[in-house]
Amino acid sequence: MAQEDLLKKIIAHSKEYGFIFQSSEIYDGLSAVYDYGQYGAELKNNIKKYWWDSMVRLHENIVGIDSAIFMHPTVWKASGHVGAFNDPLIDNKDSKKRYRADVLIEEHLAKIEAKIDKEIEKAVEKFGASFDEPQFRATNQRVIANQEKIDVIKKRFVAALEADNLVEIKNIIEDCEIVCPISGSKNWTDVRQFNLMFETKLGSVTDEANIIYLRPETAQGIFVNYLNVQKSGRMKIPFGIAQIGKAFRNEIVARQFIFRMREFEQMEMQFFVRPGEELKWFELWKATRLKWHNGLGFDPKKYRFHNHDKLAHYANAAVDIEFEFPMGFKELEGIHSRTDFDLSQHQKFSGKKMQYFDPELNENYVPFVIETSIGLDRMFLSILSNAYDEETIKQEDGKTDQRIVLRIPPELAPVKLAILPLMKKDGLPEKATQILDELKYEVNCIYEEKDSIGKRYRRQDAIGTPYCITVDHETLENNTVTLRNRDTMEQERIPVEKVKQIVVEKTSMTNLLKKVN
RNA sequence: GCGGGAGUAGCUCAGUCGAUAGAGCAUUAGCCUUCCAAGCUAAGGGUCGCGGGUUUGAAUCCCGUCUCCCGCUCCA
């Protein structure tokens, strides 16, 4: 199957069978926002449980928190999000290229600067050892003229940035006659502000001073609670804090289904370690996280590491775990060695000591941090694209037949068991309901009596239900049912009393957790 | 934001030259058969994305607009 088609099919299938709906669909939808339906919500919860239990339950030194989405605005100044991600953007209408308006102006300034440098270079050659640069800068007419230009532009530019005056920024670009490097034209759009973070107002009275942000990452909720957790939990380094929660990014465009959404969910763990030991832990978490993915039993070739050559200013090592989505290998999880950047920043901005006293070393330090951060929605999509299968079946009479089956790992499947009376009469529905009433306390069950048995099996395949039991006349005689396996379509006859044991055993999260521990 | 494509029933789509809106599947009810979808009968379901214009008359022609898809752009 062509890969583009696969994504389309997954989107259609997700909608048809109640996994994912577009947000506000009856109002024409809301771009890049999606809702999880009845089976989607179940699957998502199971993924969360797999992650949470493997992190928090299986590691004595990792605890989980649930911090608020709203945080003090200074958090985002400290983290660098306020300064670094408010970019004024401008498009050239001819080349269709987009630029950061501030970068265009800075490059223009650099060009003038280069002219001055050239003058100085020439002068150095001319005057040799007796060259006096400050004096030359103060007297040379061309240098003075260019320096004046720079000063004037800089002054306007700084004032415009401070006042958030986008019109003035465009005026500067026009006045400087800055051209697009590709088209060479000055045919610019207006300057628009790109804000990564969603803003909202705290309090019922609208007031500029009360702007707060919807968090663009959950990590900061962990960092601001680092001291609370460390002290109240008497945590000793190395230790980790895990969290699952929503984050919000106002992307310019956000497409490819749930791969990039404006509102999304992250599963993050920040692991605090001794300075100098971070790279050892980085390697350990790389291996641990890949093992977690492979625990699901999908083709290992679908996962790969991608090393970051260009590191963010706060990181000294970074790697992505990429998954082969229908649209190619894309980031699924990031593992970053974040140094002591975040805690140090918060120490600086809050004035609170973020240091840890290490009794073994008998010294204080700001811990270094290894972060593992995985997109829950991306994880969901990776499971769907791994699981979606169109299978051609050869029937006994030689005809071929197609079935669509979601081969979701049984431990994560939204519904574990379907209970089906073979016929809607002769007391079979009553018997089936009886069984349902017992088993619904153990696993998520579905009861269905409509349509032929084959049709019902196929419907369960389509939502990935690993097991179906069918109640027939023999059940009434000897209390046995047929147990039908989703993947093999094979059936076996078993006593009703054994159903619980078999299904619980095959679908329990414990299976996965034991594999990855 | 730019370029291209699309929007008719829950889904997939047809709808001729402008004249009462169609099919298959799905849904609901009933009947029959009963262990791997597509048996029979009946029923329900449409502001033809939205708004305007031309016309006696618009799903169809014109203009605008919204949403989705693909590509570009952006992406810690």
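Lettering of chains follows the sequences in order, A, B, ..., and the numbering in each one begins at 1. Being a predicted model, the structure only gives us computed values, none of them experimental.
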Check your understanding: B:G10 and B:C74: how far apart are their P atoms, nearest whole angstrom?
Key -> 40 Å
Practice item. Quote, to the nearest angstrom, the C1' distance that separates B:C13 from B:U34. Key: 33 Å
Practice item. Using whole Å, report how far CD of A:Glu16 lies from P of B:A26. Key: 11 Å
Point to revise | Nearest-nucleotide pick for A:His336, side chain only, options being B:A76, B:U34, B:C75 | key: B:A76
Point to revise | Distance, rounded to the nearest Å, where A:Tyr457 contributes OH and B:C35 contributes P | key: 10 Å
Check your understanding: Between B:G7 atom P and A:Lys8 atom NZ, what is the distance in whole Å?
Key -> 13 Å
Review point. Taking the same atom, P, in B:C62 and in B:C68, what whole-Å distance lies between them?
Key: 25 Å
Revision key, fill the gap. Between A:Ile11 and A:Thr470, whichever has its closest RNA chain B nucleotide further toward 5' is A:Thr470
**Study point:** Spacing between A:Asp451 atom CG and B:C32 atom P, to the nearest angstrom
**Key:** 16 Å
Exercise for review: Taking only Lys NZ, Arg NE, NH1 and NH2, and the carboxylate oxygens of Asp or Glu, determine whether A:Glu391 and A:Arg407 approach each other closer than 4.0 Å.
Suggested key: yes
Revision key, fill the gap. When rounded to whole Å, the NZ to C1' distance for the pair A:Lys425 and B:U34 reads 9 Å
Point to revise | Nearest-angstrom distance, P atom, B:C25 to B:A43 | key: 16 Å
Practice item. Can you tell me, in whole Å, how much space there is between the P of B:C11 and that of B:G49? Key: 13 Å
Point to revise | A:Asp340 vs A:Met354 side-chain heavy atoms within contact, under 4.5 Å | key: no
Review point. With rounding to whole Å, what would you report as the distance between B:U67 and B:U55 at their P atoms?
Key: 32 Å
Review point. Would one find a side-chain N or O of A:Gln491 under 4.0 angstrom from OP1 or OP2 of B:C36?
Key: no
Review point. Looking for any heavy atom pair under 4.0 Å, which part of the strands does A:Asp461 touch: base, sugar-phosphate only, or nothing?
Key: nothing
Check your understanding: For B:C72, what is the paired nucleotide under Watson-Crick or G-U wobble rules, both distances under 3.5 Å?
Key -> B:G1
**Study point:** Paired nucleotide for B:U20 [Watson-Crick or G-U wobble; both distances under 3.5 Å]
**Key:** none
**Study point:** Base partner of B:G46, which must satisfy Watson-Crick or wobble distances under 3.5 Å
**Key:** none
Revision key, fill the gap. Here the distance between atom C1' of B:U33 and atom CG of A:Leu428, to the nearest Å, is 14 Å
Review point. Between the base of B:C75 and the side chain of A:Arg249, is there any donor-acceptor pair under 3.5 Å?
Key: no
Study note, to complete from the structure: Between NE2 of A:His13 and C1' of B:C11 the distance, given in whole Å, is 13 Å
Check your understanding: Expressed in whole Å, how much space separates the C1' atoms belonging to B:A14 and B:G52?
Key -> 28 Å
**Study point:** Whole-Å distance separating the NZ atom of A:Lys15 from the C1' atom of B:U12
**Key:** 12 Å
Practice item. Using the P atom on both, measure B:U8 against B:C2 and round to a whole Å. Key: 25 Å
Practice item. Give a yes or no on whether the ring-centroid distance for A:Phe257 and A:Phe259 is below 6.0 angstrom. Key: no
Review point. What does A:Tyr34 touch in the nucleic acid at a heavy-atom separation under 4.0 angstrom: a base, only the sugar-phosphate, or nothing?
Key: sugar-phosphate
Point to revise | Aromatic ring pairing A:His346/A:Phe223, orientation class (parallel under 30°, perpendicular over 60°, tilted between) | key: tilted
Review point. Across all strands shown, which nucleotide pairs with B:U55 by Watson-Crick or G-U wobble geometry, both distances under 3.5 Å?
Key: none
Point to revise | Side-chain heavy-atom pair A:Phe282, A:Asn316 within 4.5 angstrom cut-off | key: no
Review point. With both distances under 3.5 Å as the test, what is the Watson-Crick or G-U wobble partner of B:G7?
Key: B:C66
Check your understanding: Base, sugar-phosphate, or nothing: which does A:Gln22 touch, judged by heavy atoms less than 4.0 Å apart?
Key -> sugar-phosphate
**Study point:** Plane angle bin for A:Phe272 and A:Tyr226 - parallel if under 30°, tilted between 30 and 60°, otherwise perpendicular
**Key:** tilted
Practice item. Kindly assign one of parallel, tilted or perpendicular to the pair A:Phe271 and A:Trp281, based on the angle between their ring planes and the thresholds 30° and 60°. Key: tilted
Check your understanding: Is there a donor and acceptor pair closer than 3.5 Å between the side chain of A:Arg456 and the base of B:C36?
Key -> no
Check your understanding: Checking all strands, does A:Lys450 fall into the base, sugar-phosphate, or nothing category for heavy-atom contacts under 4.0 angstrom?
Key -> sugar-phosphate
Check your understanding: Do the side chain of A:His81 and the base of B:A76 come within less than 3.5 angstrom through a donor-acceptor pair of N or O atoms?
Key -> yes
Exercise for review: Nearest-nucleotide wise, let me know which of A:Arg493 and A:Arg459 is further upstream toward the 5' end of RNA chain B.
Suggested key: A:Arg459
